[in-house]
There are 2 protein chains.
Amino acid sequence: MILPKRTTIYDIAKKLNLNASSVSRALANNSNVSEATRDLILKTAKELNYKPNRIASNLRKGQNQTIGIVVPRINQNYFSNVIAGIEEITYQKRYNIIICQSNESYQKEVECINTLVNQQVSCIVISTSADFAKDDHLQAVLDQGIHLVQFDRVAPNLDTHKVLNDTQEASMEAVSHLINQGYHRIALLEGPQNLSIFRERKAGYLEALRKYNLPINEDLMIENAWTKELGEKATEMLLDLPNPPDAIFASTSDFAALGVLTVAQKRNIKVPQQLGICGYANESFTEITNPPLTTIDQFSNKMGKAIANLYFEEIKNKQISTSRKIVNIKPELIIRASSQKNKI
Amino acid sequence: MILPKRTTIYDIAKKLNLNASSVSRALANNSNVSEATRDLILKTAKELNYKPNRIASNLRKGQNQTIGIVVPRINQNYFSNVIAGIEEITYQKRYNIIICQSNESYQKEVECINTLVNQQVSCIVISTSADFAKDDHLQAVLDQGIHLVQFDRVAPNLDTHKVLNDTQEASMEAVSHLINQGYHRIALLEGPQNLSIFRERKAGYLEALRKYNLPINEDLMIENAWTKELGEKATEMLLDLPNPPDAIFASTSDFAALGVLTVAQKRNIKVPQQLGICGYANESFTEITNPPLTTIDQFSNKMGKAIANLYFEEIKNKQISTSRKIVNIKPELIIRASSQKNKI
DNA sequence: TTGTAGGCGTTATCAA
DNA sequence: TTGATAACGCCTACAA
């Protein structure tokens with residue numbers, strides 16, 4: 001492909017009988033250049049339609065004004081909102097973002113990290129894939145001298161900057177709310193327990209049961225129920241129990257909660273009278289189900305902004321090895337009709 | 001910030017008493033290097049944890065293996081699906097994507113374009129903002145020797161590669177379907193008419209009315225009704241008419257259609273018996289409203305893949321000025337209960 | 001205030 | 001098959 005040659009600082013310099021370094025200084029607009037020549041340079045730069053070559057600049061300066069982001073799926077509400085939040089801040093700071101998706105595969109996650117390292121990004125922001133196994137690849141990022149911020153799904157044993165939801169407390173609150181509404185046999189839909197966030201949500205559930213002296217029943221805790229379909233299957237199982245639950249906390253996602261609701265409607269079980277439901281994530285559809293779903297808002301957009309701000313304010317100019325900062329965004333229980341037995 | 005120095009090809013060369021150019025050749029793994037030395041080089045590269053510096057490589061090669069994407073909002077279902085589709089392909093080709101959002105602002109769109117041009121991306125993929133005014137900034141991209149692919153919301157007068165839905169035909173089909181279901185006073189919720197896709201959707205609506213010899217009524221066409229709230233307001237107005245519509249085609253979005261449904265429910269108007277509804281975009285929630293919404297699937301993920309494939313197969317190695325390719329992805333009418341009066 | 005020169009890490013060309 | 005060298009476009013000591 002033949003590209004029309006771009007104008008460089010040399011072209012500007014030549015036209016004005018100046019040296020390229022003067023042009024560089026003028027365009028950086030901080031150093032010592034006489035006002036006259038600076039104006040002249042800026043004027044001809046515009047005339048010649050000069051666009052700075054960031055690649056060259058980055059190579060010279062040894063850094064890329066870019067933040068790399070790795071998420072399981074770009075087109076999942078939660079993650080796209082986090083990304084949008086990050087972008088809002090990075091844009092103001094004239095940083096770029098490069099986005100990769102791991103597709104919930106550890107293997108691809110490793111490859112994504114490699115790409116970003118090769119691109120010399122200044123910082124990598126990551127939420128790990130579901131089949132997260134080891135954290136060597138993340139350690140390697142730090143070893144390469146690249147900043148690392150983990151969010152949401154984090155490697156618990158790796159001491160890095162993190163932006164988290166207090167997911168255990170939120171789960172505790174949700175289950176406590178169900179109990180206070182008069183539900184006493186509360187089932188749990190669990191996510192993959194290799195991810196700490198799902199372990200924490202389970203811990204919150206157990207904590208609430210203990211707090212209210214309710215029995216802990218293994219039959220009521222269903223593993224890996226984190227899609228609508230798996231939520232449906234789990235619900236079928238639960239409702240077929242000799243002693244079925246009177247409420248289900250879909251700690252994995254609102255999609256699972258939707259699965260619960262679907263099965264309840266199919267079986268003509270009244271929600272919330274006969275079955276209470278609580279989901280997780282405050283997906284937009286939870287408002288419009290019938291009845292609307294109680295759920296937990298994670299403030300994904302705010303998390304994104306927190307991640308970016310953490311980088312610019314606390315991390316950017318520090319050494320890799322110092323001071324890990326943990327930011328906690330408090331999630332919020334959104335109480336809707338699907339769990340309000342008392343109100344009926 | 002003090003970075004631990006990365007290993008370069010020189011480090012490898014020094015260790016092996018070779019020249020950097022040999023190392024470069026070995027790593028590029030195509031040119032003429034003896035197998036023995038190549039193996040040696042690859043081995044020590046791994047030992048020294050060598051990571052290629054893509055920035056330097058890109059500078060030297062005068063091209064960035066990166067595609068820049070500009071969309072109104074990252075966290076809108078349609079766009080995040082398109083992006084996910086693009087990423088699937090670019091990832092295989094070892095390209096990166098840089099994503100910017102214009103936030104529906106023309107001003108920010110121009111700035112995004114500039115950033116991407118400065119980053120020397122190989123190609124810019126764009127869907128314009130709602131207050132799209134001029135296409136100078138897009139023309140400028142081409143003038144800079146950067147490939148341009150427009151999708152969905154395109155500048156109609158700018159002759160570039162485009163990936164489109166045949167939105168007029170889809171609208172025509174949708175309205176024809178409503179007519180065939182027995183609705184005869186069909187209202188239209190319009191999007192901003194400065195965007196060609198919304199003009200086309202209106203054209204499809206008018207085409208269907210003409211085809212079936214139905215009168216065209218200005219009162220039934222509501223401008224700028226493209227959010228849930230605006231959809232609600234528009235519906236209130238329409239239902240207050242002396243001669244209200246018996247169906248509403250929310251050509252702008254499913255969110256607007258949801259607004260229609262909300263107002264209908266509030267007024268105890270039965271859907272689809274008394275009011276037919278059709279939305280646009282096949283958002284995930286349309287399946288679970290009560291009744292489920294008839295809508296149009298745009299195959300956003302497929303569009304994303306088509307965009308990326310178009311670039312790699314048709315554009316990448318050609319000159320900017322030659323052969324504009326237009327790819328049409330046929331959208332599909334998804335018929336659900338909200339428009340099926342006949343079935344009742 | 002301006003000019004000179006060297007280098008960031010690669011790759012491409014030419015010569016050996 | 002390998003080595004030497006220049007160049008991609010920019011920035012920054014240092015000298016003038």
Side-chain angles (χ1 to χ4, degrees), chain A residues 1-42 45 48-65 117-122 144-145, chain B residues 1-42 45 48-66 94 117-122 144-145:
Chain A
M1 194 183 65
I2 300 143
L3 289 180
K5 204 170 156 326
R6 304 233 195 151
T7 66
T8 72
I9 52 174
Y10 282 95
D11 300 325
I12 299 174
K14 200 186 291 174
K15 179 151 188 193
L16 296 177
N17 269 323
L18 281 169
N19 191 281
S21 59
S22 296
V23 178
S24 174
R25 279 188 288 257
L27 293 170
N29 118 113
N30 49 351
S31 298
N32 320 309
V33 202
S34 80
E35 200 154 328
T37 50
R38 210 193 58 213
D39 290 350
L40 208 57
I41 287 169
L42 293 181
L48 298 180
N49 192 23
Y50 169 77
K51 307 264 178 185
N53 183 332
R54 285 258 171 280
I55 298 189
S57 167
N58 287 337
L59 174 61
R60 174 60 235 251
K61 296 203 276 193
Q63 60 133 330
N64 196 339
Q65 306 236 58
V117 169
N118 295 350
Q119 282 287 345
Q120 323 270 107
V121 297
S122 315
Q144 292 283 327
Chain B
M1 195 182 64
I2 300 144
L3 290 180
K5 204 170 156 323
R6 304 234 193 149
T7 66
T8 71
I9 53 174
Y10 279 95
D11 299 325
I12 299 175
K14 201 185 291 174
K15 181 153 188 194
L16 296 176
N17 267 325
L18 280 170
N19 190 280
S21 55
S22 296
V23 178
S24 173
R25 279 188 287 256
L27 293 169
N29 122 108
N30 49 351
S31 297
N32 319 311
V33 204
S34 80
E35 202 155 328
T37 49
R38 210 195 55 212
D39 291 350
L40 208 59
I41 286 168
L42 293 181
L48 298 179
N49 192 20
Y50 169 77
K51 307 265 177 185
N53 184 332
R54 285 258 172 280
I55 298 189
S57 169
N58 288 337
L59 174 62
R60 178 56 236 240
K61 294 205 275 193
Q63 59 133 324
N64 196 339
Q65 306 235 62
T66 299
R94 330 225 107 232
V117 170
N118 295 350
Q119 282 286 345
Q120 322 271 109
V121 297
S122 315
Q144 292 285 324

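Below, chains carry the letters A, B, ... as their sequence lines are ordered, and counting in each starts from 1.
Closest contact between the side chain of B:Asn32 and the listed nucleotides C:dT2, D:dG9, D:dT1 involves D:dT1. Considering only side-chain atoms of A:Asn53, the nucleotide from C:dT2, D:dC10, C:dG9 that sits closest is D:dC10. Here the side chain of B:Ser34 is nearest to one of C:dT2, D:dT2, D:dC10, namely D:dT2.
If you check every strand for non-hydrogen atoms under 4.0 Å, A:Ser21 touches a base. Using a 4.0 Å heavy-atom distance criterion, A:Asn118 is classed as making no nucleic acid contact. Residue contacts for B:Ser24: at a heavy-atom cut-off of 4.0 Å it reaches a base atom on one of the strands shown. In this structure, A:Leu18 reaches the sugar-phosphate backbone alone: every heavy-atom distance under 4.0 Å involves primed, P, OP1 or OP2 atoms, never a base. Backbone-only engagement by A:Ser22 is indicated by non-hydrogen atom pairs under 4.0 Å involving sugar-phosphate atoms exclusively. Base contact: A:Asn19 has a heavy atom under 4.0 Å from a base atom.
DNA chain D is contacted by both B:Ala56 and B:Asn17; B:Asn17 maps to the nucleotide lying nearer its 5′ end (nearest heavy atom per residue).
Rounded to whole Å, the distance from NZ on A:Lys61 to P on C:dG6 is 23 Å. With rounding to whole Å, B:Leu16 atom CG is found 10 Å from D:dG3 atom P. To the nearest angstrom, C1' of C:dG9 lies 17 Å from NZ of B:Lys51. D:dT1 atom P lies 13 Å from atom CD1 of B:Ile41, rounded to whole Å. Atom CZ in A:Arg25 sits roughly 8 Å away from atom C1' in C:dT1 (whole-Å rounding). When rounded to the nearest whole Å, the span between CG of B:Asp11 and P of C:dC8 equals 11 Å. The nearest whole Å value for the distance from the CG atom in B:Leu59 to the P atom in D:dC10 is 9 Å. A straight line from CD1 of A:Ile55 to C1' of C:dT11 spans 14 Å, rounded to a whole angstrom.
Inter-residue side-chain proximity for A:Arg25 and A:Ile41 is flagged as unmet; no heavy-atom pair is nearer than 4.5 Å. The side-chain heavy atoms of A:Val23 and A:Tyr10, taken from C-beta on, include no pair separated by under 4.5 Å. Looking only at side-chain heavy atoms (C-beta outward), B:Gln144 and A:Arg6 come within less than 4.5 Å of each other. Between A:Leu27 and A:Leu42 the shortest side-chain heavy-atom distance falls below 4.5 Å.
A donor-acceptor contact under 3.5 Å is not formed by the side chain of B:Arg54 with the base of C:dG9. With hydrogens and angles ignored, no donor-acceptor pair under 3.5 angstrom links the side chain of B:Arg60 to the base of D:dG9.
At distances below 3.5 Å, at least one donor-acceptor pair connects side-chain atoms of B:Asn64 with backbone N or O atoms of B:Gln119. Remark: side-chain polar atoms of A:Asp11 are paired, donor with acceptor, to backbone N or O of A:Thr8 under 3.5 angstrom.
Contact check, A:Tyr10 against D:dA7: no side-chain N or O comes under 4.0 Å of OP1 or OP2.
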